[in-house]
K.L.:
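Before I ask anything, let me first share the structure, which is written out below as structure tokens.
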Amino acid sequence: MKREIIVQLCVACLNQAVGKFGTLYVFPILPSITQDFFPLLSESQLGYKQGYLAGIYFFGNFFGNLFWGRMADKFGRKKAMMASTFLYSLSVVMFGLSLSFPMALLMRFLWGFFNGLDTIIKTFIAELCATRDEMARGLALHGMAA
């Protein structure tokens, strides 16, 4: 593999790893977040609210992957990756600054919607690699990053 291809693969997979880490780091703090929004609810009721916050991300991600796949086809993989990463980061910050539960739900949905990197990066790897051997290595690197 050429050095340039390896660097591009590493940057794309690092981007993927950061996205996955950001997705999963919120789970340990969901109980305290929901407790802040609903201090008078019982633990079982808080569990439902935590489930909504956890699940709505994946609901948004379902639609986001479809959207970002089309955007990558229309505007190019790199531009779509940069836009997705920027908007994803912005939605994470806005989630952290949420003042109400509905706002937190919306930001968590957008967090999932804007994290369309998985679709874009797999296609990027397929286009970047010339041989089947290179593609196998690239997708293996993607798998390790995810």
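Atom set for the values below is all heavy atoms of this structure, side chains included, hydrogens, waters and symmetry mates excluded.
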K.L.:
How far does CG of Leu40 sit from CG of Leu46, to the nearest 0.5 angstrom?
P.N.:
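Leu40 CG to Leu46 CG: 10.0 Å, rounded to 0.5 Å.
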K.L.:
Among Ile, Leu, Val, Met, Phe, Trp and Tyr joined by side-chain contacts under 4.5 Å, find the other residues sharing a cluster with Leu97 and list them by chain and number.
P.N.:
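When side chains under 4.5 Å apart are linked, the cluster holding Leu97 also contains Val93.
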K.L.:
Salt bridge (Lys or Arg N to Asp or Glu O under 4.0 Å): which pairs involve residues 48-61, sequence neighbours left out?
P.N.:
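Every candidate salt bridge (Lys or Arg N to Asp or Glu O under 4.0 Å) pair involving residues 48-61 fails, so no pair, neighbours aside, qualifies.
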K.L.:
Of all residues at least two apart in sequence or in a different chain, which pass the side-chain hydrogen bond (donor to acceptor under 3.5 Å, both in side chains) check with Asn65?
P.N.:
Asn61, Thr119
K.L.:
Given the rule in the side-chain contact (heavy atoms from CB on, under 4.5 Å) test, do Tyr57 and Val26 qualify, once you have shown the distances and angles that lead to the verdict?
P.N.:
CA-CA 11 Å; Tyr57 168 87; Val26 76; over 6 Å; no
K.L.:
Could you see if Tyr52 belongs to whatever hydrophobic cluster contains Leu99? Use Ile, Leu, Val, Met, Phe, Trp, Tyr and a side-chain cutoff under 4.5 Å.
P.N.:
no
K.L.:
Rounded to the nearest 0.5 Å, what's the gap from CG on Asp118 to CH2 on Trp68? Could you check?
P.N.:
14.5 Å
K.L.:
Which atoms form the tightest heavy-atom contact between Ala80 and Ala72, and what is the distance?
P.N.:
CB-CA, 3.7 Å
K.L.:
Under the ring-ring contact (aromatic ring centres under 6.0 Å, His included) test, which residues partner Phe63, sequence neighbours left out?
P.N.:
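Here the qualifying residues are Phe59.
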K.L.:
If the condition is side chain to side chain contact (heavy atoms under 4.5 Å, CB included), which residues does Ile56 pass it with, not counting sequence neighbours?
P.N.:
Leu105, Arg108, Phe109
K.L.:
Determine whether Phe114 and Thr85 make a side-chain contact, defined as any pair of heavy atoms from C-beta on separated by less than 4.5 Å.
P.N.:
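No, side chains not in contact.
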K.L.:
Once ring-ring contact (aromatic ring centres under 6.0 Å, His included) is applied, do any residues pair with Phe67, and if so which ones, sequence neighbours excluded?
P.N.:
Phe113
K.L.:
Of all residues at least two apart in sequence or in a different chain, which pass the ring-ring contact (aromatic ring centres under 6.0 Å, His included) check with Phe27?
P.N.:
none
K.L.:
Rounded to the nearest 0.5 Å, what separation is found between the OG1 atom of Thr34 and the CD atom of Gln45?
P.N.:
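It comes to 11.5 Å.
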K.L.:
Restricting to ring-ring contact (aromatic ring centres under 6.0 Å, His included), what partner residues turn up for Phe38, sequence neighbours left out?
P.N.:
Phe101
K.L.:
Hydrophobic cluster membership, with links at side-chain heavy-atom distances under 4.5 Å among I/L/V/M/F/W/Y: are Met82 and Ile120 in one?
P.N.:
no
K.L.:
Suppose we screen for side chain to side chain contact (heavy atoms under 4.5 Å, CB included). Which residues come up paired with Leu66, at least two apart in sequence or across chains?
P.N.:
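Counting only residues at least two positions away or on another chain, Leu66 forms a side chain to side chain contact (heavy atoms under 4.5 Å, CB included) with Phe62.
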K.L.:
Hey, could you give me the OH/CG distance between Tyr48 and Leu53, rounded to the nearest 0.5 Å?
P.N.:
15.5 Å
K.L.:
With rounding to the nearest 0.5 Å, note down the distance linking CG in Leu110 to CG in Leu106.
P.N.:
4.5 Å
K.L.:
For residues 86-103, which residue pairs pass the side-chain hydrogen bond (donor to acceptor under 3.5 Å, both in side chains) check, not counting sequence neighbours?
P.N.:
Tyr88-Trp111
K.L.:
Which residue pairs pass the salt bridge (Lys or Arg N to Asp or Glu O under 4.0 Å) test when at least one of the two sits in residues 73-96, sequence neighbours left out?
P.N.:
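Qualifying pairs: Asp73-Arg77, Arg77-Glu127.
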K.L.:
Not counting sequence neighbours, which residues clear side chain to side chain contact (heavy atoms under 4.5 Å, CB included) with Ser44? List them please.
P.N.:
Ser42
